[in-house]
Amino acid sequence: MSGLEETVEGSVPALVEYEQWTRFDEYPAFVENVVRVSRQGEALHWEMEIAGLTKEWTSRIGAEEPGRRLAWVAPDGPIDTDIRFEPIDESTTRVRFTKRMHDSTL
C-alpha cells in the first residue's frame with residue numbers, strides 16, 4: 001500500500017469547508033478524475049477514470065466530525081481517504097488529505 005499527503009488552504013471557515021466536502025455528488029465538478037459519487041447511508045459508490053479506465057467501487061464512511069474530519073475506507077477499492085480541516089483563523093482553513101492507495105486494485 002502506498003500513500004500520498006496533500007495540503008491546501010481554503011478561504012472559508014472549517015465548517016463551511018467540511019460541508020462542501022460532504023457534498024459527494026458535487027465531486028465531479030472539483031475533484032480530478034471523479035465521474036460520479038453517490039451516497040446511501042454510510043456507503044459511497046464511486047466511479048472514476050484511473051489510468052484511462054473507468055473504475056467503480058464502494059467505500060464506507062469511517063469518520064464524520066463536522067468542521068474537523070471526514071474519512072472513508074474502500075476495502076475493495078483503490079483509495080482510502082482521510083481529510084482533516086484545520087482552522088488557521090476565523091476565515092481560513094488548512095485542508096490536509098491523506099490518501100492510501102491499494103496497489104493491487106489499480
Side-chain angles (χ1 to χ4, degrees):
M1 186 180 298
S2 59
L4 172 70
E5 186 171 297
E6 297 177 57
T7 302
V8 298
E9 287 185 11
S11 57
V12 296
L15 186 57
V16 173
E17 191 77 53
Y18 170 87
E19 288 172 353
Q20 177 62 47
W21 283 97
T22 62
R23 295 184 193 119
F24 295 100
D25 59 326
E26 295 180 11
Y27 277 31
F30 68 95
V31 180
E32 188 176 355
N33 300 324
V34 173
V35 175
R36 181 176 303 119
V37 183
S38 59
R39 181 176 184 172
Q40 188 164 31
E42 296 301 308
L44 298 170
H45 182 78
W46 296 84
E47 185 176 332
M48 289 184 73
E49 292 290 328
I50 300 173
L53 301 171
T54 300
K55 299 261 188 180
E56 293 188 49
W57 68 91
T58 299
S59 61
R60 173 184 55 76
I61 296 288
E64 286 185 286
E65 300 172 28
R68 299 188 62 209
R69 182 174 179 227
L70 178 63
W72 55 87
V73 294
D76 298 318
I79 304 169
D80 295 341
T81 303
D82 191 333
I83 306 172
R84 306 278 177 148
F85 303 90
E86 304 166 358
I88 295 172
D89 58 37
E90 290 181 11
S91 62
T92 309
T93 303
R94 179 176 297 115
V95 182
R96 187 178 313 276
F97 303 87
T98 303
K99 301 173 187 177
R100 291 169 299 282
M101 278 70 85
H102 303 256
D103 299 323
S104 63
T105 61
L106 292 176

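These values consider heavy atoms only, across backbone and side chains, with no hydrogens, waters or symmetry-generated copies.
- Panel note: side chain Tyr27, backbone Trp21; a donor-acceptor pair is recorded below 3.5 Å.
- When the side chains of ILVMFWY residues are joined at heavy-atom separations under 4.5 Å, either directly or via intervening members, Val8 and Tyr18 end up in a single hydrophobic cluster.
- In terms of modelled atom types and a separation under 3.5 Å, the side chain of Thr93 and the main chain of Val12 share a donor-acceptor contact.
- Between Ala14 and Gly67 the shortest heavy-atom distance is CB-O, 3.5 Å.
- Under a hydrophobic-cluster definition in which Ile, Leu, Val, Met, Phe, Trp and Tyr are linked whenever side-chain heavy atoms come within less than 4.5 Å, directly or via other members, Val37 and Val73 are assigned to different clusters.
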Q.
Between Glu47 and Lys55, is the salt bridge (charged side-chain N to carboxylate O under 4.0 Å, His left out) condition met? List the steps.
A. CA-CA 6 Å; Glu47 185 176 332; Lys55 299 261 188 180; over 6 Å; no
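- Residues Val31 and Asn33 are not in side-chain contact: their nearest non-hydrogen atoms beyond the backbone lie 4.5 Å or more apart.
- A 4.5 Å side-chain heavy-atom check between Ile50 and Pro78 finds at least one atom pair inside the cut-off.
- When the side chains of ILVMFWY residues are joined at heavy-atom separations under 4.5 Å, either directly or via intervening members, Val35 and Phe30 end up in two distinct hydrophobic clusters.
- Considering CD of Glu5 and OG1 of Thr7, their distance stands at 5.0 Å, rounded to 0.5 Å.
- Using a 4.5 Å cut-off on side-chain heavy atoms (C-beta onward), Leu15 and Pro66 make contact.
- With Thr92 contributing its side chain and Asp89 its backbone, the two residues share no donor-acceptor pair below 3.5 Å.
- Taking hydrophobic clusters as Ile, Leu, Val, Met, Phe, Trp and Tyr residues chained together by side-chain heavy-atom distances below 4.5 Å, Trp72 shares a cluster with Phe97.
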**Q.** Pair Arg96-Glu6, salt bridge (charged side-chain N to carboxylate O under 4.0 Å, His left out): steps then yes or no
**A.** CA-CA 6 Å; Arg96 187 178 313 276; Glu6 297 177 57; over 6 Å; no
**Q.** CA sep, side-chain torsions, deciding dist, call: Glu17, Val95, side chain to side chain contact (heavy atoms under 4.5 Å, CB included)
**A.** CA-CA 8 Å; Glu17 191 77 53; Val95 182; 3.5 Å; yes
Q: Output, in order, the C-alpha distance, side-chain angles, deciding distance and verdict of salt bridge (charged side-chain N to carboxylate O under 4.0 Å, His left out) for Arg84 and Asp82.
A: CA-CA 7 Å; Arg84 306 278 177 148; Asp82 191 333; 3.2 Å; yes
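- Smallest separation of non-hydrogen atoms from Ala71 and Arg69: CB-NH2, 4.0 Å.
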Going by atom type alone, with no hydrogens or angles, which donor-acceptor pairs under 3.5 Å involve a side-chain atom of residues 56-63 and a protein atom two or more places apart or on another chain?
residue, atom, partner, partner atom, Å
Glu56, OE1, His45, NE2, 2.8
Thr58, OG1, His45, ND1, 3.4
Ser59, OG, Trp46, NE1, 2.8

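- Between the side chain of Arg39 and the main chain of Gly41, a donor-acceptor pair closer than 3.5 Å is present.
- Around CD of Gln40, the count of heavy atoms belonging to other residues, nucleotides or ligands within 6.0 Å does not exceed 12.
- Looking at Phe85 and Arg94, their side chains never come closer than 4.5 Å, going by heavy atoms from C-beta outward.
- Between Thr22 and Glu19, the shortest heavy-atom contact is OG1-O, 2.8 Å.
- Shortest non-hydrogen contact noted between Met101 and Gly3 is CE-C, 4.2 Å.
- Side-chain contact between Glu9 and Ile88 is present, with at least one heavy-atom pair separated by less than 4.5 Å.
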